[in-house]
Amino acid sequence: MKVETGKNIQVQDVSPSGMKIIWQEIKKDKLAMGSLITLAAILIFVYGAAFFMDAKEIAKVDFLSIYLEPSSDYWLGTDYGGRDVYGQLIVGTRNSFTISLFITLFTAIIGLSFGLLAGYFGGATDNVIMRVIDFVIALPQLMFIIVVVTIVPVFNVYVFILIMTVFLWTGKARLIRSKALSERELDYIHASQTLGTPHWKIILFQLLPNVSSLIIVNFILNLAGNIGLESSLTFLGFGLPESTPSLGTLISYARNPDVLENKWWIWVPASLMILVLMLSINFVGQALKRAADARQRRG
Amino acid sequence: MTLLKVDNLKVHFPIRGGFFRRVVDHVKAVDGVSFELQQGETYGLVGESGSGKSTTGKAVVKLNDVTSGQILFEGRDLAGLSRKEIKPFRKDIQMIFQDPYSSLNPKKRVLDIIAEPLRNFERQSPAEEKKIVQDFLDKVGLSPESIHKYPHEFSGGQRQRIGIARSLTLKPKLIIADEPVSALDVSVQAQVLNFLQDLQQEFNLTYLFVGHDLGVIRHMCDRMGVMYRGRLVEEGKSDEIYENPQHIYTKRLIAAIPDLEPEVRGEKVKLRKKLTAEYESSYSKFFDEDGRAYDLKPISSTHRVAIL
Amino acid sequence: ACSDDTEKSSTKEKKGKAVEQVDASKFPTKTTNQAEPIKGGHLTYGLVSDTPFEGILNKVFYQGDPDNQVISFFDEDLLDTDENYVFTNDGAASYEISDDHKTVTLTIKDNVNWQDGKPVTGADLEYAYLVMGSKDYKGVRYDEQMALIEGMEEYHAGKADSISGIKVDGKKIIFTFKKGNPSVTTGLWTYPLHKEYLKDVPIADLESSDKIRKNPIGFGPFKVKKIVQGEAVEFEANKDYYRGAPKLDSVTLKVVNPSVVVKSLENGDLDVAKVLAEQYDQAKELDNVELLGKVELAYSYIGFNFGQYDKEKEENVMDENPKFKDKRLRQAMAYAINNEEVGEKMFKGLRFPANSVITPNFKYNNKDLKAYEYNPEKAKKLLDEAGFVDTNNDGIREDADGKKFKINFASMSGSDVSEPLARYYIQQWEQVGIDVELLDGRLHEFNSFYDLLKKDNDDVDMYQAAWGVASDPDPSGLWSRSAEFNYTRWVNDKNDELLAKGISEEAFDDQFRIDTYNEWQELIHDEVPVIPTLFRYELAGVNDRVTGYDFLAGRQYQWHNVGVTK
Amino acid sequence: MNKAILEVENLTTSFRIGNKYHAAVDDVSFTVNENEIVAVVGESGCGKSALALSIMQLHNKQRTKSEGTIHYNGQNLITLNDTQMNKVRGKELGMIFQEPLTALNPLMTIGKQIEENLDYHTNLSRDGKKKRTIELLTQVGIPYPERTYKQFPHELSGGMRQRAMISIAIACNPALVIADEPTTALDVTIQAQILDLLKDIQSRTRMGIILITHDLSVVAEVADRIIVMYAGQVVETGSVKEIFNNPLHPYTRSLLNSIPSATHEKNRLHVIEGIVPSIAKMDRVGCRFQDRIPWISKHAHEERPELHEVAKGHFVRCTCYKEFYFQGEGDESAHDITQSR
Amino acid sequence: MWKFILRRFLVMIPQLFLLSLIVFMMAKAMPGDALSGQELNPKANPAELERIREELGLNDPWYQQYARWAGNAVQGDFGISYTHKTPVMDVIEDRLWNTVFLALVTLIFTYMLAIPLGILSGRYNDTWIDKSVTGYSYLGFGTPIFIFALIMLFIFGFALDWFPSGGSVDSKVEEGTFAYVVSKINHLILPALSTALIATTSTIQYLRNEIIDNKIKDFVRTARSKGVPESNVYSRHILRNSFLPIAAFLGYEITGLIGGSVIIETIFSYPGLGQLFLSSVSLRDFSVVTAIVMMTGFATLLGTLLSDIILSAVDPRIRIE
Ligand SMILES: Nc1ncnc2c1ncn2[C@@H]1O[C@H](COP(=O)(O)OP(=O)(O)OP(=O)(O)O)[C@@H](O)[C@H]1O
Ligand SMILES: Nc1ncnc2c1ncn2[C@@H]1O[C@H](COP(=O)(O)OP(=O)(O)OP(=O)(O)O)[C@@H](O)[C@H]1O
Ligand SMILES: [Mg+2]
Ligand SMILES: [Mg+2]
């Protein structure tokens, strides 16, 4: 039996627009604010510095400076190839972040497209898309990725992003589908239908803006989650080549117990960088999440 | 003049189940409903929750697929039309939704909300469009500056008026109002009801008014139909039905309306008890073995009842 | 942390024989503990591997080296070898080669018995040949040398039920070869199968049978007591071992991950384990562990691509006009790299420049040859001479026709240093003006890498790889015109001739063989179809309570000598 | 005169919003007697639920502040700690919530949820509790109590759920039941049944009932006394007859006039301008209703509006009622209503 | 219920079929084969290798190989592992159990940590307890598991030497004895704990949010209005409802652990499926690779089914008929 919505309407305050709420929420939350600043600082610095750095120089093997401790020449010492860890950290941070960004972006786009289609049309469309998603989810992902990595002839950042995207879009699609499913039952969608608005317009201009906060929050949180993504693959030996240094490359040098125990400068800064990036993105994401959910808002 | 004629309308929703999610049964949400709307009148549909009122209304605007039956709008059958074919009729038939909160896209400004139908049917310059929207806002009693606001910046009643303005922009002939006030506080409800009446006069609108509050229906409607389990059990002039209900379900429904006069409450309790007893004893007079109401039979020129 | 040189010289301890063999030896090969081993001693051996051992505990069938290490505790070949991997008569059997070099007679010693008490007989060794030659056998041990035994090919083809060239007489077994081949003194298969025990199992099922996997019976110093599949094996002493009861009562072999070896040695979890180069720094700091070292039977090299393998003709064919046609170009590339430094710095002295493609632990290694030394000036000069000059002043040399000259270099992933090493080479070549690029921008995983080489992928101009070599010094398998493994596809008449000479009957005369191979090595050195880059040391960490452990090359069967003193 | 069960005096309940406390219930006083139904009416957001929850002491202590006294059975509920209050809640005071689906634990059977009340306030045996539960279910008119006992909330219809909710509230024969919009979610026919049921139970147990609703016709149907609330304050109170026959406060009159009555002619309905101010934005000086009747002169309002007793037991806040008239033609119909009674 | 399960199994068939097809083609697409490794041995005879390839059918077109393989796989025969020379199922069996034990113990640790911490953090949200628990879970979120596991290994496996540093059981103890069980568990603790300490953080957060959500539900207020003491409000109402989604997640969690075992098994040299998978990939032991992927895929499907069944068991609103 359907229950009447009844009269449980609260008289609402005139509330500010989305961006303002987000900004206010971040301002309220010192942690989020600090995180945002930290994040911005790191990114500006890293992208800026990496731009001026000579990638070749960083990758240059130098036997005279193997495993040097941090010094004024090498701020963070060198690795077993005599390569500057600091430079690798900068470029690695940039690479890891860029990878994470693009994976998140592509998964968002794919997940969004399929999620919206499945959610909006429901029925057979939904069924087909959900079966595909179920299938991809049932794949043992890490194992599959390892196999794929061994198959692809060329393995670089783009290929990596592509492979990860293939496996990671499903979660988003599911999330957005369920939101879209509930959203399409709302009368504003019905209204648009009775007003003669074509489906594609409804999906793009009515549905999409209403799942956007969900997407943004999820995007940010995934961005944090995806930063460490390549590190475990690198650890297993299926990561990107060392010529494309990433945070994972530096961290997985710690596989060698000698490095882990005695050469902290190689892996600790990268680990901290991952931690700091993930946390600060995450904190910003949490604040956004609160902003998106009126019930949790602090202000 | 008959604007809308619904003839033996059936809307069945499939229930899926079993091995391959085949359709095993149907919810007969609307199961053979027929009524007519004259130009300029307000026709009410009442009934308890789940009786198929909304489904009927939505079928008319093609939000639901019609299983069988005809929906004749100005003599043309809408039931079998495809999405494309239906588009021209969208201008003529509009809908007002129950919940003013969910029926307006929270992410859109009022301008975009009200202009949406215009953009679908007519090409206008932004300035013209703005002008039209502001005119309508004025008609529904909202200030022209409102176009840049978002729905959440309005009260429930104001929002409902925005929804109404949106449905008016295409100058429809028929408006389906699905419980347009049941989400509103009494005081706000009054505002919207008054306003709907004003518009009807101004634009010579025809309303199909769906509701469960008999006070509201009686207040608004010239004629009404009482629905029960997907079927009409009684139809006629509002007064006829209130003063002289014939079907046992209608009687119970009316007896259940709380009365504003505290003095009569003792009698009403007794009346309700009596009707409950009657309902049980005379069940077969009103329903067949399957519990389905009989077809409507005229008992006067305007009044029809589903009895044996 | 980088100045290991002083460290190394202090551990430098030259021991009699080792010095004769390997001039560059920096490591002791024998434990120094001379104390009397205690009774009932127990030793833990670390099998260094990041994967479990497969558990195919028989030399006829095993595939991975981990299994081989397990086998060496409880089973042996019948013939032992000396430091040059030449058979001796010290082992379970003695051998005799006929004057015409065509028959070899093995006589198994009387007290050599399987661990179930049954004597090891000639029939057991014959059975091994019957199995390996059988159609049902899916292993890879059937090789060219076996095919030289009379009747072996017929048997292998299924045309005969037995091998006519193998005669058994109790503890004696006589092989007859179609032609004499000096490789028999190093490469003859002398590992028997316990026929009595195994004969009921169809050959096709042997490799998966419990008799081989769970309850293997050998005639080595220890008996398998218990196997935890893939992880560990418990051994107990075989008191009836033909060389006398072992000094240890029991041995535990367990798989240890390379990354924890040093730690496990340090805290005494392991008594003996191999130590990887990456952890050398850490290992040499340990007080309770002695590091032993020997030169591995392997060399790394940089190969040039000259052509392809013609499947039809079953031989290698050089291109009409290969990229590396000019010898001077190849030499220049060899001069451009500093292997001395690579070995010292990158491998912490655990690798050293290779002067040849025959490893220095063989007497056949040409001691007179000097490895190409780092000499960029000479490299540039050679390049100039060969016409490789920078015509457009971009710092990169164009080829003799003035066209752009670019080399695709393939290298294999594997150890931590693989990538910097590849980068280093590229860097060095760039310094002399040769544009080299890493194929696909990354290292190739082992399988993909060899897939490229095997299929003669045209994108590979040059590659870096390594060969592990067998105890048989004959290089034909990798160098002959018909060798499929000759991945450079380099063919040369002189080469063919010398290789044939090296395994001719005359080569039973050792000096003749040495001379032949010296000449061959000179040819290679001069022609540079490959640049031999590095030889390597293999290290073992041994707890100082262990006595009698000898890490020297060739000394496989010595576990009965090992004891513990604490 | 029945004896008083609950006496609320000067109750003020404030919520913390940001760093400030804002009163949602502002200085409310009233009494509930035995066998009496006191209705609390008012628009959405006027503080009805806040009042109910204050009596039950169910507000989140960290974010809410209650002042004044709530006398029940010789104790001031506001001063009780949780343990003491738990002895009162469920046993002496029962509560019925508006939305029976969400107010019932979806994972517990109906029987268990009713029994839970008995667990803490009686020492009946297991069988005893079950017997009592079945008895309660029968009492509230559930047709198959044995079966319903084992069912989960989602398996019942709305009316059935509300009946189950009522059995929870009356399980321990409380002296007072607070029903917060018990019928808003229900169809009219079922609403009538539930209201009849409450009356019926009351006639047997003589409990007091506080009925919270926004629907004046429901009040007319069942209540003995009415408290009309506006913006956290009581604006008018009196017996049902008194208020329906002689509504005085402009707010009460406006409310009555805006109801489209099933039993009356099609008139233009009265519209109350504006909306109930939110508690954070509320103007707390002067008459809170004055913004919504701007055509009434400011001077008609008291500076500090107080409740005036205009007849026995009939109180009206502020003096503006004296000068109030409906704007425009609307006042005819208003006249109509008041005259017709 | 049985009908439902049967139907789900029927639906699995096409999924498994598709999975097998993809897995098989991918395995074949990997460069090299099981014999490539032998080619490093200069004494190996290329012609001989070719003969074996032919014999093993490695030279047939892929669809023939697939048909053969699938035909056997349907009967539970995944072929012979080339490197282990024994039926794949035998190779997998021991490892599978090891991995399953590891997953179970990890799961137990995960919940042992998550439940009390999640409850504390949710119940006393915004207090210092909550803040420290949340801080911990953020740290867990940002720490790469392998670094953490390595550090754990070095501290507890070596520096303190409390736990064994590798393997699944001490080779000296007799199978079937009590000591054997103890040894097995002893080997599990460190890897399981390392995973749990990191993996638990998402469960903690999940539980915390569920509790915070449920705390303000209407039925909780109803319970309070009945006079239910606070502790019972939690135990009987809030917690039960909060555990619901977590219980439902159990199935996924187990399969996630089995599928994700690669890293942790590598670090702790724990002979399980993940480690076997890695070595089989590098040795191109296709029959093992495909079998492991198929089994993990199947396990995942079972896990989803399990989750649905659990959910219907704990949530009366979802009934599977
Ligand atoms: N899309 C749908 N799929 C399946 N069943 C449906 C669907 N829409 C409505 N129904 C069912 O059809 C019946 C009639 O529903 P409808 O919404 O028309 O009732 P109503 O009279 O408008 O009730 P209410 O007063 O609660 O709005 C109900 O039993 C409902 O559950
Ligand atoms: N927990 C809370 N925190 C802050 N403000 C609150 C809280 N609960 C209610 N309010 C505010 O207090 C005022 C009174 O709310 P209350 O729920 O009592 O209204 P009501 O009369 O019951 O309305 P309805 O008819 O919609 O149930 C409203 O303005 C509401 O926004
Ligand atoms: Mg409806
Ligand atoms: Mg309320």
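All values derive from a computational prediction rather than experimental measurement. Below, read A as the first sequence line, B as the second, and so on, with proteins coming before strands; counting in each chain starts at 1.
Using a cut-off of 4.0 Å between Lys/Arg side-chain N and Asp/Glu carboxylate O, B/Lys251 and B/Glu234 are scored as not salt-bridged.
Below 30°, between 30° and 60°, or above 60°: for B/Tyr150 and B/His152 the angle between ring planes is below 30°, a parallel geometry. Between B/Phe287 and B/Tyr279, the angle of the ring planes goes over 60°, which puts this pair in the perpendicular group of the 30/60° scheme. Ring orientation note: the planes of D/His270 and D/Phe326 are nearly perpendicular, at an angle over 60° on the 30°/60° scale.
Within the 4.5 angstrom heavy-atom criterion, atoms from both the backbone and the side chain of B/Leu253 approach chain D. For a residue to count as touching a neighbouring chain, one of its non-hydrogen atoms must lie under 4.5 Å from one of that chain's; by this rule D/Thr189 touches chain B with backbone and side chain alike. Looking at D/Leu255, the atoms closer than 4.5 Å to chain B (heavy atoms on both sides) all sit in the side chain, from C-beta outward. In this structure, chain D has heavy atoms under 4.5 Å from both the backbone and the side chain of B/Arg252. Neither the backbone nor the side chain of B/Lys273 has a heavy atom closer than 4.5 Å to any heavy atom of chain D.
Residues of residues 223-238 of chain D lying within less than 4.5 angstrom of chain B, judged on heavy atoms, are D/Ala223, D/Asp224 in numerical order.
Residues B/Tyr207 and B/Leu37 are not in side-chain contact: their nearest non-hydrogen atoms beyond the backbone lie 4.5 Å or more apart. D/Phe97 places none of its side-chain heavy atoms less than 4.5 Å from the side chain of D/Leu104.
The most heavy-atom pairs under 4.5 Å with chain D, out of B/Gly266, B/Ala255, B/Ala190, come from B/Ala190. Residue with the most contacts toward chain B among D/Leu216, D/Val218, D/Leu195, D/Val222: D/Val222 (heavy-atom pairs, distance under 4.5 Å).
A side-chain N or O of D/Gln193 and one of D/Arg163 form a donor-acceptor pair less than 3.5 Å apart. Counting only N and O atoms by type, the side chains of D/Asp187 and B/Ser49 include no donor and acceptor under 3.5 Å apart. The closest side-chain donor-acceptor pair between D/Glu43 and D/His214, if any, does not fall under 3.5 angstrom.
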